[in-house]
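Letters go in sequence order (proteins before strands), and every chain restarts at 1. Computation of the quantities below employed the complete heavy-atom set of this structure, encompassing side-chain atoms and omitting hydrogens, waters and symmetry-equivalent molecules.
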2 protein chains.
Amino acid sequence: MKKQGSSGKRSAGLTRSKPEPGYHHGELQEALIAASEAILAEQGAEGFTLREAARRAGVSPAAPSHHFGNAQGLLTEVAIRGYDALAEALRAAASGKQGAREKLRAQGLAYVDFALRHPGRFQMMFANKRLVADDARLKQASRAAGHAFETVVAELVGGTAKEAKTAAAAAWSTVHGFAKLALEEKFGSVRNEGGRREIMMTLDQVLNYLWPASGARR
Amino acid sequence: MKKQGSSGKRSAGLTRSKPEPGYHHGELQEALIAASEAILAEQGAEGFTLREAARRAGVSPAAPSHHFGNAQGLLTEVAIRGYDALAEALRAAASGKQGAREKLRAQGLAYVDFALRHPGRFQMMFANKRLVADDARLKQASRAAGHAFETVVAELVGGTAKEAKTAAAAAWSTVHGFAKLALEEKFGSVRNEGGRREIMMTLDQVLNYLWPASGARR
DNA sequence: CGCTCAATCTGAACAGTGTTAAGATTGGTA
DNA sequence: TACCAATCTTAACACTGTTCAGATTGAGCG
């Protein structure tokens, strides 16, 4: 079959900023990850297809297999970056406050904020069956994100390690469940900015209820 | 095109206990719902396909459309029954105990127990994009399940309606998040009975931490 | 500089999916 | 009994992920 000189499908500027080689892409891994994240952002987790990611990267449907094996491999890489971003957001939220309770509150808000701002990515991060669930780097990234919680919770509880683990599981469960239910529209619409702000206020009340300010007991 | 007498594909006894008519199934709706629930139980939410459900019911891939429109329609019906079962489980759990706190604890355990025993069904119930999310009966069933929580929570909190709503959101978020995280293996393996029992014990501690017995404060 | 070779990517195919349209079959009812 | 609306099938379409043989290429080595 004929060659296409230099351009062709790979020309929309969505895939590369650098010149543009022909047959060999050069940065296909990154291009595929970026394309996947774009799809997740636009269409959500259910909208992702491997072929569409390849299309956006300007390569054939078979190209991704050489870099990621299969769709799960690509999505695993996307999930890892998602966990990294989440962990960073949690650390940033805690570092801005002082006092364990304030840090935990800030982290809870940051967790749900992350989920509402990146629904597709968030859902994919927790869609084990679409990932290589036993991938070492994925498990590490997931644990690192969870660890950002535990450090703050340990500071708050100050009891035994077991108590800290229980409290961390409680905190994680609450914000994770709230985020999931919110994304499934159980707390009202989440597609407009106003609805999201209202949901964040509800979350604030929930956190205040479960972790009341010292002095205010129920 | 020839006919097949009376039997053929529809002969494994999986679809009907009654005689067995030929062209017309007779109870196709129920057969398709039962087949779908079986698939969800065996393969999880990701394993469901409309064609496989039709196959198990002994009909062609196009047959379901006449009863449910499309796959979302069928899954919506499955989800409705799931919510009904969940609501019933929550009511039963509460009715066995006395004292609002004990009722809430029992409901929380029942909620996660339901999720762990029927993972596929549970995941599908909350997979909005695979359902007809604005179906009136679905929303009603979902609300009814949530209501089973709210009544008990209201009894426990005893404050204003707004406070009760906040507390209900907190309780639902916690158990839902715990169930979701458990199903994604974040609290250890969930595929064997032993792992599940350990997870339920962790949940018990979490609930005790967030809703301590009156007298034991933190 | 010229060659080779491993990495990269394509093309074509396969089995599977959900959905639709047109036609066959049938049970209830007028 | 004859019809008709409900029910189901067949066939097709546009997708999907994955595989495999082969084309293309850049980088390193002689």
Expressed in angstrom and rounded to an integer, what is the separation of [X] atom [atom1] from [N] atom [atom2]?
{"X": "F48(B)", "N": "dG16(C)", "atom1": "CZ", "atom2": "P", "value": "17 Å"}
{"X": "L28(A)", "N": "dC9(C)", "atom1": "CG", "atom2": "C1'", "value": "9 Å"}
{"X": "Q29(B)", "N": "dA6(D)", "atom1": "CD", "atom2": "P", "value": "13 Å"}
{"X": "Q43(A)", "N": "dT16(D)", "atom1": "CD", "atom2": "C1'", "value": "14 Å"}
{"X": "H67(B)", "N": "dT9(D)", "atom1": "NE2", "atom2": "P", "value": "10 Å"}
{"X": "E46(A)", "N": "dG18(C)", "atom1": "CD", "atom2": "C1'", "value": "15 Å"}
{"X": "H66(B)", "N": "dT26(C)", "atom1": "NE2", "atom2": "C1'", "value": "14 Å"}
{"X": "F68(B)", "N": "dC8(D)", "atom1": "CZ", "atom2": "P", "value": "11 Å"}

Output the single nucleotide from [options] whose closest atom is nearest the side chain of [X].
{"X": "P61(B)", "options": "dT19(C), dG17(D), dC9(C)", "result": "dT19(C)"}
{"X": "A63(B)", "options": "dT18(D), dC8(D), dT19(C)", "result": "dC8(D)"}
{"X": "T49(A)", "options": "dG18(C), dT16(D), dT10(C)", "result": "dT16(D)"}
{"X": "N70(A)", "options": "dT17(C), dT18(D), dT9(D)", "result": "dT18(D)"}

- In terms of heavy-atom contacts, does CD of E198(B) have more than 12 from other residues, nucleotides or ligands at under 6.0 Å? no

- What does A71(B) touch in the nucleic acid at a heavy-atom separation under 4.0 angstrom: a base, only the sugar-phosphate, or nothing? sugar-phosphate

- Query: Which part of the nucleic acid, if any, lies within reach of A62(A) when heavy atoms closer than 4.0 Å are counted: base, sugar-phosphate only, or nothing?
  - Reply: base

- Query: Can you tell which of F187(A), Y111(A), W172(A), Y209(A) makes a ring pair (Phe, Tyr, Trp, His ring centres under 6.0 Å) with F178(A)?
  - Reply: F187(A)

- Taking for R51(A) and for S65(B) the nucleotide of DNA chain C with the nearest heavy atom, the one nearer the 5' end belongs to R51(A)

- Modelled atom types, side-chain donor and acceptor of T174(B) and T174(A), under 3.5 Å: yes

- Message: Could you tell me if K180(B) and Q123(B) have a donor-acceptor pair between their side chains, going purely by distance under 3.5 Å?
- Response: yes

- Is there side-chain contact between F48(B) and E37(B), with at least one heavy-atom pair below 4.5 Å? no

- Task: Report yes if a side-chain nitrogen or oxygen of R55(B) is closer than 4.0 Å to either non-bridging phosphate oxygen (OP1 or OP2) of dT17(C); otherwise report no.
- Result: yes

